[in-house]
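Report on one structure; see the data block that follows.
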Amino acid sequence: MAGTVTAAAREALVRACAGRVEDATDTDLVGATAPRWVVRPTSTEEVSAVLHSATEHDLAVVVRGAGTKLAWGHDPERLDVVLDTSGLDTLVEHAAGDLIAVVGAGRRLSDLQDDLAGASQRLGVDPARSGTVGGAVATAATGPMRLAHGAVRDLVIGMTIVRADGVVAHSGGKVVKNVAGYDLGKLLTGSWGTLGVITQVAFRLHPVPAGRTWVTGAPMSQVVLREVVRSLVHSQVVPSAVELDRPVGGGDAVVSVLLEGHPEGLDDRAAEVAALLGHGAQRQQEPPAWWGREPVAGGEGADDQDALLKVTHELAALSKLLDALARAESVSGCRAALRGSVAVGTATVAVGGGADEVAAFTTALRASAPGFGGSVVLLEGPPGTTDFVDPWGPVGGLSLMQAVKAQFDPGRLLAPGRFVGGI
Amino acid sequence: MDTDVLAARLRALVGDAAVITDRQRLRTYECDGLAQYRVVPAVVVLAASTEDVAAVVRECAAQRVPFVARGSGTGLSGGALPHADGVLIVMSTMRRILEVDRDNQRAVVEPGVINLQLSDVTRADGYYYAPDPSSQQVCSIGGNVAENSGGAHCLKYGFTSNHVTGLELVAPTGEVEQIGGKAPDAPGYDLLGALVGSEGTLGVVTAATVRLTRTPADVRTLLAAFPGTDQAGAAVSAVIGAGVIPAAIEMMDALAIEAAEAAVQCGYPEGAGAVLIVEIDGPASDVQQVFEEVEGHCRAHGAFEIRIAADDAERALFWKGRKSAFAAVGRISPDYIVQDGVIPRTALPEVLSSIARLSAESGVRVANVFHAGDGNLHPLVLFDDSVEGESERAEEVSGAILDLCIQHGGSITGEHGVGSDKAKYMPRMFTDDDLDTMQLVRCAFDPSSISNPGKVFPTPRLCGERPGRHQGVHPLAEAGVAEVF
């Protein structure tokens with residue numbers, strides 16, 4: 001980009017964003033790619049103006065919330081502007097009686113939960129890697145409570161987005177039940193910033209149950225685990241979460257169950273769960289230390305950066321997934337740890353190893369994916385891993401996705417190349 | 001394209017018996033559950049397989065002929081209204097349950113499978129299909145997918161979109177796409193989220209993978225009678241405010257009760273200005289505690305009679321009055337409009353007062369039936385088409401009710417869909433930019449705009465058409481094949 005053109009583009013961003021434009025530094029990398037500028041808009045209108053300028057000057061834009069997941073996926077194929085959403089952090093509305101909240105995308109998820117706690121309410125989203133609301137929505141983050149409340153996409157009831165061309169669009173609304181028009185909120189949820197910039201989200205909330213307790217089983221072999229999980233999944237005890245911790249290298253696994261509800265109803269339910277978990281099951285008022293955290297392959301507390309994979313499976317195929325995990329460990333020479341929401345069918349896998357080893361692990365696990373009926377996505381790996389393996393793997397309906405991208409962002413300005421199939 | 005040529009091509013693709021061009025037989029398909037919109041399609045194809053659908057859609061795409069998919073035809077927004085120059089693809093002939101996979105809590109069904117049938121088949125295994133639109137005895141799962149159907153129990157269990165994990169889609173180009181599956185979170189955009197509720201405008205679904213839900217250990221249901229809707233509304237607020245999410249919480253006002261009594265003699269408490277039906281389900285120990293609380297809230301807010309269902313038969317009796325309410329108003333009014341607006345639940349007292357005022361000022365009676373937990377109102381606007389000016393007044397009141405919903409931050413449709421009927425109201429709820437952005441999705445899937453054109457989005461062709469009206473009893477209800485809820 002010639003100097004005068006660059007200067008004109010920067011000028012345009014400064015005008016669009018009331019001067020909140022900084023030259024990027026080393027801390028603003030997206031993966032290994034450096035942006036030129038970081039802009040920090042404070043309203044949907046400013047985001048719109050920024051994207052108008054981006055369109056006019058052909059600037060590629062990556063949206064950044066807290067930056068906790070910025071390295072996930074492919075590096076963008078080009079990058080000019082990081083759009084920092086931290087200025088869009090307003091709690092617009094919390095209508096406690098209606099169990100809804102409208103919140104700026106840049107608000108921290110933990111801050112939102114604090115906002116809601118006063119009314120004994122919560123947003124049923126509890127990802128291990130918690131940043132902003134917008135980041136959780138854009139990456140369709142998942143956590144233990146999903147079993148009780150559904151995925152993020154099931155809790156989004158309305159959304160304001162800014163398209164790549166700067167046009168502001170809304171979908172949904174502030175009511176839980178609403179079938180007017182296409183559900184753009186679901187399409188944008190998990191779109192990784194490639195279709196539009198999410199500036200505001202309306203959520204369905206849930207009351208925090210008066211009673212909660214955890215029941216955790218003793219470490220169990222895979223054979224026992226399979227039966228235990230099956231019995232929990234098909235029980236009528238209605239757990240709020242069923243989490244598995246399979247430690248690094250394939251040792252005995254631990255299952256922990258969260259029960260919530262009327263305090264006086266919990267004893268019977270906890271006893272039922274304890275019986276299903278078998279000898280040695282313990283009831284506690286606090287979760288086990290690993291609950292809701294990412295697994296660690298390097299050993300708890302190690303400094304080594306693990307690669308991180310998201311894996312999904314059919315509910316009854318957990319054993320097949322664990323077998324495949326062990327095979328992938330042995331093929332690649334990597335050590336891996338898994339934590340999963342086994343009654344939902346999602347898991348996170350941490351892998352320790354270099355780029356080629358992690359790639360070999362991912363490839364091996366993915367080769368077994370038809371057996372467990374799910375998918376294997378490499379979220380984050382050592383630099384260069386994606387030279388050896390596609391982080392996304394096979395994608396059903398890819399041509400339709402590419403068509404959607406072409407409609408929303410024909411100039412490929414929004415996180416180009418970061419998502420599936422080169423989107 | 002000339003209809004005879006088109007029909008001949010289609011016959012070559014799917015066989016003579018599957019293609020209908022006889023005028024009398026075509027008229028069977030001229031409307032869905034919203035019978036005042038009628039269009040006779042050029043051709044009807046009875047689909048037997050995904051290959052059939054793909055072949056028909058490819059032919060339509062090649063000739064730029066519009067097509068409309070139709071399930072059981074129970075929709076209340078004219079979503080399956082045929083196109084006069086197009087092909088109506090009847091999916092109710094694809095009605096096999098392809099797989100019940102209890103271990104994975106999934107079933108794979110063809111789109112013509114009847115909603116309730118799936119629950120009937122899986123109940124012996126301790127499972128059921130949770131979305132329960134009131135027409136569930138006759139509506140198809142494919143139609144539910146198109147409309148993102150809800151039901152009385154969706155407050156707790158969610159809508160169709162929360163229960164679909166995979167779809168086989170014949171895109172408007174004729175390509176067959178497999179989207180999602182039994183596992184959650186397939187990589188890429190959430191196309192399932194875009195497809196469910198897209199009212200047939202993004203292609204034709206030819207198979208669906210859906211969640212099966214474990215039957216609850218215990219279900220308890222109460223019927224509470226209140227002097228009026230204010231007290232019943234306060235009881236609902238108290239229940240929700242206490243952190244309870246009932247499986248269902250439904251309200252009817254005096255006029256709706258009167259109609260239900262006339263139609264099905266449900267025997268609701270005499271003198272009730274409003275009744276609430278509250279259902280609590282879950283683990284037995286939890287249900288017992290919560291149910292007692294709910295009962296307490298009802299009494300504290302003026303319930304003068306509370307009945308608790310002793311068994312499934314009594315529970316069914318409670319529900320009978322509620323579930324027959326739409327059809328029942330046919331007994332007290334020759335014509336009526338069913339609305340489907342949504343408001344934030346806390347706005348209920350204010351909106352009900354406004355509706356009462358509208359009714360008093362216009363002289364048009366309005367019976368109210370609603371899903372009180374999620375603010376989904378079904379005002380039934382009563383009129384007599386044979387009296388000059390009444391239908392116009394009823395339409396005005398009906399439109400004003402939707403405006404009330406929008407003013408309170410709500411929606412013009414909670415579960416019936418936009419279809420042909422509400423497209424003209426969309427600009428009251430969404431800006432041009434909003435609608436333009438939604439149509440980007442349409443353009444991605446269906447660049448030629450041949451998949452159910454003219455629905456959902458306002459077009460000049462639909463401007464000036466009249467809102468939804470029922471003539472007396474719903475034809476399906478009259479025939480005894482469906483209750484309309």
Side-chain angles (χ1 to χ4, degrees), chain A residues 95 97-98 120 140 150-151 153-154 163 167-171 173-184 186-187 189-191 207 209-210 234 236-238 261-262 264-265 268-269 312-316 344-346 373-375 377 392-393 395-398 400-401 403-404 407-408 420, chain B residues 103-105 147-148 150 154 158 162 171 177-179 181-191 193-194 197-198 214 216-217 237 241 243 282-283 285-286 289-290 342-346 374-376 409-415 417-418 426 429-430 433-434 437-438 440-441 443-445 456:
Chain A
D98 295 316
S120 293
R153 51 98 85 178
D154 298 319
R163 298 188 335 207
V167 170
V168 177
H170 313 83
S171 76
K174 296 198 299 183
V175 287
V176 168
K177 204 170 179 184
N178 182 3
V179 294
Y182 290 161
D183 195 342
L184 294 182
K186 286 195 173 60
L187 188 64
T189 300
S191 66
H234 295 295
Q236 293 173 307
V237 75
V238 194
H262 198 286
E264 291 177 35
D268 288 356
R269 295 167 68 197
T312 66
H313 61 92
E314 294 175 2
L315 294 183
V344 172
T346 59
S375 57
V377 171
W392 299 103
V395 177
L398 182 60
L400 289 172
M401 294 177 194
V404 170
Q407 288 292 330
F408 276 77
V420 298
Chain B
D103 282 352
N104 284 314
Q105 299 185 334
E147 300 296 314
N148 188 16
C154 63
N162 309 119
E177 304 276 0
Q178 305 291 338
I179 296 160
K182 290 179 184 173
D185 298 3
Y189 295 137
D190 187 353
L191 297 184
S198 61
R214 187 72 171 98
S237 287
S285 60
D286 200 62
Q289 303 291 341
V290 173
V342 189
I343 53 168
R345 196 185 43 73
T346 50
D374 48 30
N376 186 192
S411 172
I412 57 172
T413 173
E415 55 186 4
V418 177
M426 288 288 274
M429 189 169 162
F430 295 110
D433 284 344
D434 299 343
T437 305
M438 290 178 192
L440 294 178
V441 181
C443 297
F445 278 74
V456 183

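Every chain is numbered from 1, with letters handed out A, B, ... down the list of sequences.
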* Among the options Gly193(B), Ala171(B), Pro283(B), pick out the one with the most heavy-atom pairs lying under 4.5 Å from chain A. => Pro283(B)
* Would you indicate whether the side-chain heavy atoms of Asp286(B) and Val238(A) approach each other to under 4.5 Å? => no
* To do: List the atom of Val344(A), the atom of Pro184(B), and the distance in Å for their closest heavy-atom pair.
  => O-CG, 3.5 Å
* Structure fact -> One option among Asp98(A), Asp183(A), Leu187(A) has the most heavy-atom pairs under 4.5 Å with chain B, and it is Asp98(A)
* Given the options Ile412(B), Val342(B), Ile179(B), which has more heavy-atom pairs under 4.5 Å with chain A than any of the others? -> Val342(B)
* Rounded to the nearest 0.5 Å, how far apart are CZ of Phe445(B) and CG of Leu400(A)? -> 4.5 Å
* Val377(A) versus chain B, heavy atoms under 4.5 Å apart: side chain, backbone, both or neither? -> side chain
* Structure fact -> Ranking Ala316(A), Gly396(A), Ser375(A), Ala95(A) by heavy-atom pairs under 4.5 Å to chain B gives rank one to Ala316(A)
* Closest non-hydrogen atom pair between Ala183(B) and Gly373(A), with its separation -> CB-O, 3.2 Å
* Asked: With a 4.5 Å heavy-atom cut-off, do His234(A) and Asp103(B) have their side chains touching?
  -> yes
* Nearest-0.5 Å distance that lies between atom NZ in Lys177(A) and atom OG1 in Thr413(B) -> 9.5 Å
* To do: For residues Asp190(B) and Thr189(A), determine if any side-chain heavy atom of one lies less than 4.5 Å from a side-chain heavy atom of the other.
  => no
* **Segment of Phe430(B) engaging chain A (4.5 angstrom heavy-atom cut-off)** => side chain
* Is Arg214(B) reaching over with its side chain to a backbone N or O of Gln236(A), donor-acceptor style, under 3.5 angstrom? -> no
* Asked: What's the spacing between Asp185(B) CG and His313(A) NE2 if we round to 0.5 Å?
  -> 11.0 Å
* Asked: Quick one: of Ala180(A), Gly345(A), Gly397(A), who has the most non-hydrogen atom pairs under 4.5 Å with chain B?
  -> Ala180(A)
* Side chain proximity check, Gln407(A) to Val441(B), heavy atoms < 4.5 angstrom -> no
* Asked: About how many Å separate CD of Glu314(A) and CD of Gln105(B), when rounded to the nearest 0.5 Å?
  -> 12.0 Å
* How long is the span from the OG1 atom in Thr312(A) to the NZ atom in Lys182(B), to the nearest 0.5 Å? -> 13.5 Å
* Might you point out which heavy atoms bring Thr437(B) and Ala169(A) nearest each other, and give the distance in Å? => OG1-CB, 3.2 Å
* Measuring from Asn148(B):CG to Asn178(A):CG, what's the distance to the nearest 0.5 Å? -> 9.5 Å
* **Region of Met438(B) in contact with chain A, defined by heavy-atom distances below 4.5 Å** => both
* To do: Measure Gln289(B) against the heavy atoms of chain A and call it side chain, backbone, both or neither at under 4.5 Å.
  => both
* Asp434(B), Leu440(B), Asp433(B) screened by side-chain contact (heavy atoms from CB on, under 4.5 Å) with Val167(A), the one that passes -> Asp433(B)
* Between Leu191(B), Val290(B), Ile343(B), the one whose heavy-atom pairs under 4.5 Å with chain A are most numerous -> Leu191(B)
* Structure fact -> When the 4.5 angstrom heavy-atom criterion is applied to Val420(A) and chain B, the contacting part is side chain
* Asked: Among Gly243(B), Pro187(B), Gly158(B), who wins on heavy-atom pairs under 4.5 Å with chain A?
  -> Pro187(B)
* Looking at side-chain heavy atoms only, is the closest gap between Lys174(A) and Pro344(B) below 4.5 Å? -> no
